[in-house]
Amino acid sequence: MTLPARDTRVTYPDGALTTTTEVVHVAPLGDGRLAVLTETTSFHPVDAAWPDQPADAGVLRAGGVAVSIRDAVVAATDGAELFLGGDIPVRKGTEGWAFLVAHLVDDGDVVAEGDEIQIESDASVRAALSIGHTACHVASLALNRALAGSWSKPAREDALGNPDFDGIAIATSRIEPNGSTDTYRLNKSLRRAGFDPGAVAADVLDTLASTVEATLADWADEGAAVRIERDGDGLTDRRYWVCELPDGTARIACGGTHVDALSELGRVQVRFELGEDAGTPVLSMRTTALPDH
Ligand SMILES: [Zn+2]
């Protein structure tokens, strides 16, 4: 069995939930699971380098039998060996390497190279993660806007031209069903870059949350449209989240899935909390979309 020489083609960026495709390789992982590699997939995998959005949930159907997909991760191969997730030793796009979506199923499930199978993602899980991911992006832009006056020096700008607090200070980002949690490091280099930490002090966080929520409500009321632009249909082809906001068109590099309009988020609630990580103060921003409001 030979390993694929080409990236998996992905259809989830266009909103696809199902695909019919050919199994190009099945690799036993030695831990009771198999990695099923296909020509094309509609199943969103968790990314290896920036694991913000969890994998879809769903099944594949082989010969009429439904097989649970336990997880889906990004894998890579140089033709000789298959590496999964954090074990991938090279950067995305490295010449001579193919980047793949590995659908993980239980060993003993009947899937073989050359089979034509159907892949199906659960629609409600996908919808909730798409809401969470779009909420995460717009909240970061609204946060940057709210903090724009808190810089004493010119800073790198975000997609709307505001100082990019989110991009400069982000430590982790997790997309959840209907929401997200981002954490920001409030370290010395952020202060040296000109950011006033008083803008995120404990006693102003409720006001900051209200400001961000008001911006998000304004943007949603304008019915801002969201789309994904991409350079190609391969897993590693660059993709962008594009949102037509009243403040301008925002374009952010992103490999995840999203809603088609901010109106689908409903009301977005924002909560801030201060903590610390090994002596460094950390700000966390939690968003919760209430799609029925
Ligand atoms: Zn994203």
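All values derive from a computational prediction rather than experimental measurement. Indexing begins at 1, ligand by ligand and atom by atom, following the structure's order.
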Which residues pass the salt bridge (charged side-chain N to carboxylate O under 4.0 Å, His left out) test with [X], sequence neighbours left out?
| X | value |
| --- | --- |
| Glu81 | none |
| Arg185 | none |
| Arg227 | Glu229, Glu244 |

Assess the residue pair Arg174 and Thr181 against the criterion (side chain to side chain donor-acceptor pair (under 3.5 Å)); give the C-alpha distance rounded to whole Å, side-chain angles, the decisive distance to 0.1 Å, and a yes or no.
CA-CA 5 Å; Arg174 291 286 175 274; Thr181 301; over 6 Å; no
Under-2.8 Å protein N/O/S neighbours of the Zn ion (ligand 1), ordered by chain then residue number
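For the Zn ion (ligand 1), the protein N, O and S atoms that sit under 2.8 Å away are His133 NE2, His137 NE2, Cys254 SG.
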Q) Out of Thr211, Asp247, Asp158, Asn162, which residue meets the side chain to side chain donor-acceptor pair (under 3.5 Å) rule with Arg145? A)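 With Arg145 as partner, side chain to side chain donor-acceptor pair (under 3.5 Å) holds for just one option, Asp247.
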Salt bridge present between Arg239 and Asp231 (N-O < 4.0 angstrom):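 Looking at Asp231 together with Arg239, the answer is no, because their closest N to O distance does not fall below 4.0 Å.
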